[in-house]
Amino acid sequence: MNRYDHSKIEPKWQKHWEVKKLNHAREDSTKKKFYALIEFPYPSGDGLHVGHIRSNTAMDVVARKRRREGFEVLYPIGWDAFGLPTENFAIKTGIQPEIVTKKNTDTFRRQLKSLGFSFDWSREINTTDPKYYKWTQWIFLQMLKKGLAYKKKMEINWCPKDLIGLANEEVIDGCCERCGTKVEKKEKEQWMLAITQYADRLDKDLDLVDYLPRVKTQQRNWIGKSEGAEINFKIVGNDTVVKIFTTRPDTIFGATYIVLAPESLYAQELVAQAENTIEVAQYIQDVKSKTDIERTSADKEKTGVELKGVRAISPGTGEEIPVYVADYVLAHYGTGAVMAVPAHDERDAAFAKKYGLPVKHVVESLSTLSEGPDAVKPGLPFVERDAAVCIVRHWSEEKYLMSFYRANGWKGFIVGGLEGGETPAIAGTREIHEESGYKNARFVRDVGVLHSQFFHQVKAVNRSAHFKVAYFELADGERDEMSEDEKKLHEVVWLSEGEVEKAMNREDIQLAWKFFKKGPCFTGEGILVNSGKFNGKNSTEVKKEITESVGGTWVTKFKLRDWVFSRQRYWGEPIPVVHCEQCGVVPVPEKELPIQLPKVKNYKPTETGESPLAAIEKWVNTKCPQCKGKAKRETDTMPNWAGSSWYYLRYADSKNKKEFASIKNLKYWTPVDWYNGGMEHTTLHLLYSRFWHKFLYDQGLVPTNEPYQKRTSHGLILAEGGEKMSKSKGNVVNPDELIKVVGADTLRVHEMFMGPFDQAIAWDTNTIAGSRRFIERIWALHTKVGESQNTQIDSLMQKTIKKVSTDIEEMRFNTAISALMIAVNDLEKETTISKENYEILLGLVAPFAPHVADELWSLLKNKKSIHLAPWPIFDEKRVVEGSGKIVVQINGKMRATFEAPPGTGDKELEELAKKLPEVGKWIEGKNIAKVIVVKGRVVNIVLI
RNA sequence: GCCGAAGUGGCGGAAUUGGUAUACGCACACGACUCAAAAUCGUGCGGGGAAACCCAUGAGAGUUCAAGUCUCUCCUUCGGCACCA
């Protein structure tokens, strides 16, 4: 056999591995286990995507390496087969989803097998198999039992033309994806899962697992934990109390009104008490009829309406303040009501500005310089001083007067002390004249107040300055000469807005400018004022104290919302409950599971928006398990996230008829050691399955707190133009064709070599030739195997073992292949290669190109598969120290290289370097300041 | 707006973690083989320059004997979240 023919080799070895059950995982093994997992595919009609191949190959490489390292490896596969595309296909064609699913999974199975993935096919699962979804339903019942599943009225997206409820992803720009009709909102009772009860643990336990940092942060942001205070605001004249949530209880003395979310219970309750009930009710109605996009679009102007005659008592000041209903407050977060502090919250500021509401400042900024010559000197006392900061506009141009102080390099505005209770208007006018000579400055307005602590170099004291920022305009350019003293201290310049922003080099001055340009809304930490007994204190430090003083409580809130678990669809797991006229919602007894999907003729939802199951009377009408009276089955089905929330557990014991998986098997296999999947699943699937797992853990049904020990993510493969691959764009790459032409091994190698595994990359069919050549070269090398002794080659192969081994662990597959290519290039130059070195090469290539590796391995008269051979072990003793090439730098620039035996002393290297002619011409007649020698690598000669 | 990742040849991308920038592959050019082509093999391949050398890792500063790598500022691109009080 001489020619490399992938079309013969690949099916041959695939069959061989299957017959020998090479990839079957055994839980009775005495070996240490390793559970490798990829996200099981949705078997779409498009067939396998090159993206699937990328992540499957990656974990296949890891799994194959682990087996050879002596682990008992579970690398399973199955089908996440419930879902919309199949159902929509059924609606359109009338073909049963089961039949479509069967056809699609057959295609996927054939394709995956043709790629030689080392899946344990004996554990194959399918979420649409009643033997599987029996347990999905069973887990739901356990949640129902524990009160984690409940019903709630929710709004769904409703297409009035297709008469169908739409998932969010089916709504494009507020319109139905398929018919373009504007989507309406419709209220429906929906099943919910209380994932929020696990919010804190889902956040905290991220500390226990080894996930990609970006996965962790994305989950943390999604969960959105934040701490704050709940504080009651009494409504004047009756018993109503509005509880608000705030993370800034320290600003409570600045609350000038409160705001209720339109959908909140508070709004519903208080609308009747308002003098303008009709107006408010109309506003609430208007908000409801808006689409999500209209409501949340980027920088939409805030709207709202006052509840006239309704007043709340601010618990800090005891003052009566107005009550508004406005859609910038969300009903589902916090308590659905907020106190508005326009002085210290940007949103409240915008709203207050629009509706002319009062602004009360209660926190003043305090910046303390801690770096540079003006940094506060510890130990020195502070000298307090009131001062005006003067922002001065040019008389004819859009320019502002800045003052550059010579002593400390401070670039700011003209500052002058306020003597004996002066106003900034008076003091400012005087100081502008004194410091710049300009005579006709006119005070326009106060801008804001801020405090600053720094070391005053001229006065040699720590200064605690209270800056009152004021805005002036010059009437004309009339000016006196600046005094010599002033000229020594600073110079004044006119700068445009952009130049001002670039020039300012102190935090306090930047804030002064921000107040001037954008209004004095200050959202930072600072000193309290106008806050009764809390005046002068640090705003952050007294948060809890203030909360307590107004009778509030300190609480933790989450952005995460409960999971809407109902779908008004056919192709999903039926929710296993019945609705009894007598007993209400009754769970189906566990022994009656699974509740199977009945066969139907029409897969379209009913006109009332219920799932098509509602039309199957024989199925719907049933008896109540409790009272045996008339009852109707729940016709909602589960979302396709349900089956995928626990599938990794089923793999541990996929044939079990008594339990979803035996605890014995779970104890052996779980947690999943390494789970690779897409970033797009970070906040849904990954979080949902962590939630289910924790629930099962709490019931004692699984042995671990977390399902996945390690989580990594692959980058997407895009079409050649860089867009997403999609059937509609016609840019999908067909793997069958590629496998036929270049072979599975080449395709696998190519996908690993394309680029960094975790980054998105555009497909490029042209470059695949390089991967094919690589394999052909490995093939050709087998004719060179013979007697050979070459320590250089031995060393190279040892280094390659090390590089490939660590690169696989870090998922740097592209550089692993690159190292193998380098090895092949060097081996090609030899006339003979030792069997040992060739076997090392094959051993390292095997996880990437398993078929050709096994074929060549057998040509070397090995009886057992290469995939049963131990993973090559790096032997440091056989590594020959590098050739001893030393780089000579002059002032850090490479000028020459020379050879020196490894272990040459530093001094000797220096002397050798100096003797080189290329070096001599640089150092001749120059003084050498010093010479730096990096052991065995660099000699850097530094000239003066 | 906030959070995260990244900017290196014609292209995909390397760089022992601060020590020869452009490994490996693709494309391209030339040569060998061939009647010819493909395949294969060999050589070359960041820019400027005859050369000595000089310039180059998004831009600008800084630290260092030495910076793609560290620090700061800015620009661009891609992801995620988006009125979360």
Side-chain angles (χ1 to χ4, degrees), chain A residues 212-222 224-226 228-229 244-249 251 259 261 295-300 302 326-330 332-341 344-348 350-351 502 523 557-561 679-680 682-683 715-716 722 749-750 753-756 758-771 773-774 776-777 780 799 802-803 812 814-825 828 882 885-897 921 929-943:
Chain A
L212 237 50
R214 58 191 167 124
V215 173
K216 282 194 191 185
T217 35
Q218 214 166 296
Q219 284 212 348
R220 285 220 159 92
N221 290 344
W222 186 262
K225 183 174 178 171
S226 73
I244 62 96
F245 172 71
T246 179
T247 54
R248 293 295 304 273
T251 62
V259 191
R295 258 193 86 169
T296 58
S297 66
D299 35 31
K300 173 186 88 77
K302 294 183 172 35
D327 68 352
Y328 78 93
V329 173
L330 307 172
H332 57 77
Y333 183 75
T335 60
V338 302
M339 66 176 193
V341 186
H344 306 293
D345 181 281
E346 304 276 3
R347 294 153 300 181
D348 297 339
F351 190 80
K502 277 205 167 143
T523 55
K557 296 280 178 191
F558 299 91
K559 281 194 219 174
L560 187 69
R561 298 168 68 179
M679 277 310 285
E680 70 274 21
T682 302
T683 52
L716 290 176
V749 166
H750 176 65
F753 183 60
M754 291 172 88
D758 58 350
Q759 278 169 42
I761 193 161
W763 183 262
D764 182 1
T765 299
N766 295 324
T767 56
I768 206 166
S771 300
R773 270 178 221 139
F774 168 60
E776 285 173 358
R777 282 173 176 168
K799 283 186 192 162
K802 192 178 178 190
K803 175 81 179 146
R812 290 149 50 111
N814 55 331
T815 52
I817 303 275
S818 161
L820 289 166
M821 285 174 168
I822 291 168
V824 168
N825 287 347
E828 269 181 343
K885 196 172 182 184
I886 308 290
V887 172
V888 185
Q889 299 177 337
I890 311 290
N891 289 337
K893 288 205 171 192
M894 205 277 284
R895 294 301 178 192
T897 61
K921 83 179 175 202
K930 59 174 159 176
V931 177
I932 286 141
V933 181
V934 180
K935 200 171 163 254
R937 194 166 289 162
V938 172
V939 176
N940 188 10
I941 301 170
V942 186
L943 305 174

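Lettering of chains follows the sequences in order, A, B, ..., and the numbering in each one begins at 1. What you see below is based on every heavy atom in this structure, not just the backbone, and it leaves out hydrogens, waters and symmetry mates.
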Rounding to an integer number of angstrom, what distance separates [N] and [M] when you compare their [atom1] atoms?
| N | M | atom1 | answer |
| --- | --- | --- | --- |
| B/rA21 | B/rA66 | P | 14 Å |
| B/rU76 | B/rU64 | P | 32 Å |
| B/rG18 | B/rU71 | C1' | 14 Å |
| B/rC41 | B/rA5 | C1' | 43 Å |
| B/rC70 | B/rC54 | C1' | 27 Å |
| B/rA29 | B/rU20 | C1' | 27 Å |
| B/rA14 | B/rC65 | C1' | 26 Å |
| B/rC24 | B/rC78 | C1' | 26 Å |

Contact class for [X] vs. all strands (heavy atom < 4.0 Å): base, sugar-phosphate, or nothing?
| X | value |
| --- | --- |
| A/Pro756 | sugar-phosphate |
| A/Thr217 | nothing |
| A/Val338 | base |
| A/Arg561 | nothing |
| A/Ser818 | base |

Polar pairs (N or O, both sides) under 3.5 Å between protein and nucleotides 15-20 of chain B?
from   : atom 1 : to       : atom 2 : distance (Å)
B/rA15 : OP1    : A/Arg812 : NH2    : 2.8
B/rG19 : N2     : A/Gln889 : OE1    : 3.0
B/rG19 : N2     : A/Asn940 : ND2    : 3.4
B/rU20 : O4     : A/Lys885 : NZ     : 3.4

Give the rounded distance in Å between these two atoms: [atom1] of [X] and [atom2] of [N].
| X | N | atom1 | atom2 | answer |
| --- | --- | --- | --- | --- |
| A/Ile886 | B/rA66 | CD1 | P | 20 Å |
| A/His332 | B/rA85 | NE2 | C1' | 12 Å |
| A/Leu716 | B/rA6 | CG | P | 17 Å |
| A/Phe753 | B/rC24 | CZ | C1' | 5 Å |
| A/Asp758 | B/rA6 | CG | C1' | 11 Å |
| A/Gln759 | B/rA14 | CD | P | 7 Å |
| A/Glu680 | B/rA5 | CD | P | 19 Å |
| A/His344 | B/rA85 | NE2 | P | 17 Å |

Quick one: pull up [atom1] in [X] and [atom2] in [Y] and give me the separation to the nearest 0.5 Å.
| X | Y | atom1 | atom2 | result |
| --- | --- | --- | --- | --- |
| A/Arg248 | A/Thr523 | CZ | OG1 | 7.0 Å |
| A/Asn940 | A/Lys930 | CG | NZ | 9.5 Å |
| A/His750 | A/Phe774 | NE2 | CZ | 14.0 Å |

For B/rU17, decide between syn and anti, treating a glycosidic angle within 90° of 0 as syn.
-> syn
When you check the glycosidic angle of B/rG48, does it come out syn, meaning within 90° of 0, or anti?
-> anti
Base-pairing string, 5' to 3', of RNA chain B - Watson-Crick or wobble, under 3.5 Å, | interstrand = (((((((..(((......[....))).(((((.......))))).(((....)))..(((((..]....))))))))))))....
Picking from [options], which would you name as closest to the side chain of [X]?
| X | options | answer |
| --- | --- | --- |
| A/Ile822 | B/rC81, B/rA23, B/rC83 | B/rA23 |
| A/Gln218 | B/rG80, B/rC65, B/rA85 | B/rG80 |
| A/Asn825 | B/rA85, B/rC24, B/rC83 | B/rC24 |
| A/Thr767 | B/rC65, B/rC26, B/rA85 | B/rC26 |
| A/Arg773 | B/rA85, B/rU40, B/rC65 | B/rU40 |
| A/Phe245 | B/rG12, B/rC65, B/rA85 | B/rA85 |
| A/Met821 | B/rC24, B/rC83, B/rG4 | B/rC24 |
| A/Arg895 | B/rC24, B/rA85, B/rC53 | B/rC53 |

Of the non-hydrogen atoms in [X] and [Y], which two are nearest, and what is the gap between them?
| X | Y | result |
| --- | --- | --- |
| A/Phe245 | A/Val338 | O-CG1, 4.2 Å |
| A/Thr246 | A/Ile244 | CG2-CD1, 3.9 Å |
| A/Val329 | A/Val259 | CG2-CG1, 3.6 Å |

Hey, which sits more toward the 5' end of RNA chain B by its nearest nucleotide, A/Gly755 or A/Met679?
-> A/Gly755
Using heavy atoms to find the nearest nucleotide of RNA chain B for A/Ile761 and A/Ala769 separately, return the residue whose nucleotide is more 5′.
-> A/Ile761
Evaluate the side-chain proximity of [Y] to [X]: yes if any heavy-atom separation is below 4.5 Å, no if none is.
| X | Y | value |
| --- | --- | --- |
| A/Tyr333 | A/Arg561 | no |
| A/Asn814 | A/Gln759 | no |
| A/Arg895 | A/Val888 | no |
| A/Met339 | A/Thr251 | yes |

Side chain [X], main chain [Y], donor-acceptor under 3.5 Å:
| X | Y | value |
| --- | --- | --- |
| A/Gln218 | A/Thr683 | no |
| A/Arg777 | A/Met821 | no |
| A/Asp345 | A/Ala340 | no |

Quick one: is [N] close enough that its OP1 or OP2 comes under 4.0 Å of any side-chain N or O from [X]?
| X | N | answer |
| --- | --- | --- |
| A/Lys893 | B/rC55 | yes |
| A/Tyr328 | B/rA85 | no |
| A/Asn814 | B/rA14 | yes |
| A/Ser226 | B/rA85 | yes |
| A/Arg777 | B/rC41 | yes |

Any N or O donor-acceptor pair linking the side chain of A/Lys559 to the base of B/rC81 at under 3.5 Å?
-> no
